[in-house]
Each structure stands twice: as C-alpha cells, then as structure tokens.
Amino acid sequence: MTKLRNLLRCYAMGMGIRSISSAFHVSRNTVRKYVRRYQESGMTLEQLTAMSEEKLQEMFLDDCNRSRKPTPRKEALEALVPDYVKRLSRKGVTVKSLHEEYLREHPDGYLYSSFKRAIRQYKYQVRPVGHVEHPAGDRMYVDYAGGKLEIVDAETGEVRSVEVFVAILPCSHYTYCEAVWSQKKEDLIVACENALHFFGGAPTAIVPDNLKAAVTRSDRNEPVINEDFAAMAEFYDMAVFPARARHPRDKALVENAVKLMYRSVYADIEGLVFHDLVSLNGAIRKSLEDFNDRKMSGRNESRRELFEEVEKDYLQPLPAVRYQMKARKTVTVLKNSYVLLNRHHYSVPREYIGKRVDIIYDSDTLQIFHGLKLVTCHQRDDTPYGYTQKEAHNLPGRHGSYEKDLDEVYERAGAIDNILLNYLKEVTVQKKYLPQAFRTCRGIMSLEGKYGLARLVAACACASEGRLYGYNEVREILERGDDVDFMPSDDEHPESAPGHLPQTHRNIRGREYYSDLSLNNKKDNDNGKRQ
C-alpha cells in the first residue's frame, strides 16, 4: 500500500500516466485504474493517505481480486508448483526439464514463459533471498560435486569412482575444478593448494562445507576446525570460515558453480575413457579454460577477464614452497631402541626404551619428540621391515651390510701392505659366506695388537705360500714363529719399500731372536732327557 500512496502523490503533483508507469514499473492500464478510482472516490489526497491498509486494499484491490476466479488450468499449475520448486534442488533438475514433464501430463498447459514465471513467483514468495556483497580477494568457496567421474584400469578393466572438487572466487566467479581420489583431508588439502596456485594467490578466508576433513565439529557460533586443515590455512595466511550446516545458501555461488560444471566440464568429457587421474585432470583443465574464457550471462566480460581486472591484485602472494602436511603418531620405543612407523623401524637413543614418544612426519622427514623435547630426526623411508639407524645412538648389535664392513677392512689392510690386503681377499673367497668371511678377516686384523703389523704381514705371506686361509692358521704361524723367514732382511731398506714399517720398530725382534729362542728350547729339551 505504500507504493499505491506514492503513486497517487505523484499523480496529484502533476506527473503523467506514462511517467508514473515507468517510475513504479507498473503498467499504464493499472495506473489509469488507480487514478480513476481515486477520482471516483471524491476524497482528497490527505484523506486517502490517512486511511488504513485494509480500507485502501478494499477500495483499490479487493473487489477486483474477488471478481477474478482462477481457471482450472491455473489451479492445477499452482498445486504442482511447490513440488516442482522442491525438486529443483536435485542434481540435473532444471526449470526446462520440469516444464517438459508438466506438458506431458497437461498437454493444454501453460507455455514455458508462464510456467517459469509461476516458479519464480513462488520461490520469491516463500524464500526471499538477500543480496551479499563479495569484496575482491575476500573468500574462496570450496565444495565437492555430487556426481562422480570414473577411471578405468587399463589392465584389469576395473572401474574406480573419483570425486570432483570445485572452488570459486565469488567476486569474479573465477572457477577451478579438479578430480581427486576421495574426500579425505589429504586429498582436500592438496586440492585446495592446487586451487590457490591456479588462482595465483590466496584470499583472506576459505569457506568449506561441514565435511569431516575440514570441520571436526560443526557449531553455529564457533565450529571446531580439523587441525591439519587449519594448519594448511595458517600456512597460506587464510582463515577457515565454514558455511553453516544445512544452509546451502551460505555457499550458493559454489553450489551454482557445481551445476555449471555439470553443463560444461561433465558434458565435454562425457563418453571419454580415462585410465589415470592425470589424463582425466588434463581434460578437465582444458574444458575449464574454455568455461572461464566464455562470456558470462548478462555481462560483457568473461570470468577470466573479470578476475584479472578486479580481483587478481587483491590476492595474497603465495609462499615460495608448498605446504607439507604433517601427521602425528604416538608410539612406544621398542626394546631394541627402535620405533615403528608404516612397517619401517627408526632408531632412538637407548635411554628412551619403553617410553611413549610422538612421531611428527611428512612425505620427506620425521621428527621424534618425547614431550616437548626433540629426540632425533630421520629421513622418511617406507621400505617395509627395514631399519634406519644413526651411529650417534650407539645401539648394540651389528648394523649395515657385510659388504660395506668388508670394504672398510680392505681399506685399512691396503693402507698397511698389499700382501695383507690380497690375503684377506683370498680368505673371503675361501670362506664363501660373507658373515663368516667378515668375522675371520676382522679376527686376523686383531692379531696386530699382540704381534705387531710387521709380523702380521709376514705371517700372511707365510700362510699364502702354504695356501692356509683362516684366523687359526695365521695365529698358529705367529705362535710358532714360522713368519721369521718372511721378515725383511737387514740389508733391505724398508723406507724405500712402501707398505713396510721401519726395522727399528720396538715390536720387531729380528731373525736372530727367534734363532736363539729355538736353540735354547732345544738345549732345554736335551737336558730334560739326560735327567
């Protein structure tokens, strides 16, 4: 009735019928009808405007409305409209498809324009929608499409369904779309990152749905955000602002973007077969580029042009490196001073045996904490049943391969004398079994402590001549003094022979010492026989 009062005021001020019709968006016939009734009433403008709403409605509207009785065709459509409006929320249902269904059941029904007007009037009547301003670079809406796509295994022919992730910047309507394996937090976080890199910057806030990967517990006032999703948002300096549960209008733009993906991306790849996620996303990206380059309905710009013109410069710059999602696992240190993660063992210092520790890990590294104290760090290794150990932890037992340990023994022997090196290599060949060969070579090298390097080299030379290969054989040669004949002679110059120690070394007694020792032993034996 306020509109009617203003219309009559304009007429009283001298405004013409055509001008009133244009100003109030009312047909000229309706304006003439109101003016005629105003003139027939004989009342002044002040008297009319002072009347109640009921009186004005009775004077200008009610008698006309009462005289019109809806036709059976209109009554039938009005009865169907509430159900049609409810079905519009389903995937793939449009006003056009509903009109086709309506005509099949009512061949003499209204045409599409009248049908669409009836739907629109009912929606505006029962569900008014407010306008929301979207500042540039303010938010990014994300959601999953209800319809899934498929990947066919090239070898087995197995069909696997994949989810479709959609993101949109509401100011420019610039849209991103990607296929992912699931709606789990790992796939959601990666998809959000890919969207940010596609846009070339980060908005102030990200608006997800209330799925568990993003929201642990929904709440109208302050929902609880998933820790990993919140960490990703913090890394890109974004706030997480979830839409309210069961309020799809909070993210109406991304809901509409999903419908547009059905009509563009889904339609473009329909009938095509994809054997991996990379090829599927390649086809989606090509269709998405065409979609963003297409002129928007009712505008002269495309989504890409609008984005580059009004929104691109308002996005926050992205970090130089991408976000690495970290996971946490609490475990007990085993008796062998290792912790187990994904069937692989990692060493910790032995003082933590039996204690509970936290493993914080990503795809590259892992950190082990005891409380707030960092115990150690390791490179991630997913080899099943393998062991990663740090020498600084000084754990009991043997670690590493026998080949590596033998190489270290060979390196030390080669620095002393090639005779010793060649003998040890021949011992390895004769023993055949690497663990046994390593143990024997290590034992032979340990004889240096008791007999000295020069005698050890001479004993190995003696053993090689006699084709005797083993720890016991070398030890017996040294005990009997059979290595004497293989010691360097006095007229040799050891300093000119690389690999030999000087003859003045305190551990080398010389050939005469062992000759005298043999004579003394023989005399003692003869005296014992006489006695």
Side-chain angles (χ1 to χ4, degrees), residues 91-92 140-169 174-202 206-209 211-214 226 228-229 231-233 235-236 251 254-255 257-294 303-304 318-319 321-327 342-343 361-364 380-384:
K91 187 189 78 169
M140 178 179 75
Y141 291 92
V142 299
D143 198 7
Y144 283 100
K148 298 182 180 181
L149 298 177
E150 294 180 344
I151 290 179
V152 181
D153 190 286
E155 297 181 357
T156 63
E158 179 185 0
V159 178
R160 181 176 178 182
S161 298
V162 295
E163 304 283 348
V164 178
F165 170 86
V166 179
I168 185 173
L169 297 177
Y174 199 41
T175 306
Y176 175 76
C177 182
E178 176 187 359
V180 295
W181 288 117
S182 69
Q183 294 190 17
K184 294 181 179 180
K185 65 180 179 182
E186 294 83 3
D187 291 324
L188 174 63
I189 289 174
V190 171
C192 289
E193 279 192 283
N194 292 340
L196 295 177
H197 285 270
F198 176 80
F199 296 139
I206 181 171
V207 182
D209 203 349
L211 69 165
K212 287 295 183 183
N226 183 285
D228 294 317
F229 191 79
M232 181 276 297
F235 181 82
Y236 289 103
K251 50 183 181 62
V254 72
E255 296 279 357
V258 169
K259 294 181 181 179
L260 295 177
M261 291 298 100
Y262 290 144
R263 301 174 190 174
S264 57
V265 172
Y266 279 64
D268 290 343
I269 66 177
E270 185 177 3
L272 301 178
V273 179
F274 301 95
H275 300 298
D276 53 63
L277 203 61
V278 175
S279 59
L280 174 57
N281 279 324
I284 290 176
R285 180 63 68 91
K286 184 178 183 302
S287 176
L288 185 65
E289 289 178 358
D290 297 337
F291 172 78
N292 283 320
D293 289 336
R294 199 176 302 140
R303 289 172 173 80
R304 187 186 304 278
L318 299 176
V321 295
R322 292 186 63 136
Y323 170 74
Q324 282 280 353
M325 186 177 64
K326 294 184 180 293
N342 295 337
R343 297 185 297 171
Y361 62 97
D362 55 30
S363 59
D364 298 324
R380 177 83 177 269
D381 188 347
D382 289 335
T383 305

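- Shown here for Arg303 and Leu260, the closest heavy-atom pair between the two residues is NH2-CD1, 3.4 Å.
- Between Glu255 and Asp143 there is a side-chain heavy-atom pair separated by less than 4.5 Å.
- Between Glu150 and Arg160 no salt bridge is recorded (no basic side-chain N to carboxylate O distance below 4.0 Å).
- Taking the side chain as every heavy atom from C-beta outward, Leu277 and Asn281 approach each other to under 4.5 Å.
- By the 4.5 Å heavy-atom criterion applied to side chains, Leu149 and Ile269 are counted as neighbours.
- The two residues Leu272 and Asp268 have their closest heavy-atom pair at CD1-O, 4.2 Å.
- Gln183 has its side chain out of reach of Asp187: every pair of non-hydrogen atoms, C-beta onward, lies at least 4.5 Å apart.
- Contact record, Val164 with Gly147: CG2-O, 4.1 Å, taken as the closest heavy-atom pair.
- Here SG of Cys192 is found 14.0 Å from NZ of Lys185. Values are rounded to the nearest 0.5 Å.
- Closest heavy-atom contact between Phe199 and Met140: CE1-SD, 3.5 Å.
- Of all heavy-atom pairs between Leu288 and Cys177, the closest is CD2-N, 3.4 Å.
- The minimum heavy-atom distance between Ile168 and Ala257, with the atom names listed, is CD1-CB, 4.1 Å.
- In this structure the side chain of Phe198 reaches within 4.5 angstrom of the side chain of Arg285, judged on heavy atoms.
- Inter-residue side-chain proximity for Tyr323 and Met325 is flagged as met; some heavy-atom pair is nearer than 4.5 Å.
- How far CG of Leu188 is from CD of Glu163: 11.0 Å, rounded to the nearest 0.5 Å.
- The pair Arg304-Asp293 meets the salt-bridge criterion, with a side-chain N (NZ, NE, NH1 or NH2) lying under 4.0 Å from an Asp/Glu carboxylate O.
- Side-chain contact between Val142 and Val207 is absent, with no heavy-atom pair separated by less than 4.5 Å.
- Counting only distance, with no hydrogens or angles, the side chain of His275 and the backbone of Asp153 share no donor-acceptor pair below 3.5 Å.
- The closest side-chain heavy-atom distance from Ser287 to Tyr266 is not below 4.5 Å.
- The aromatic rings of His197 and Tyr236 stand perpendicular to each other, their planes meeting at an angle above 60°, with 30° marking the opposite boundary.
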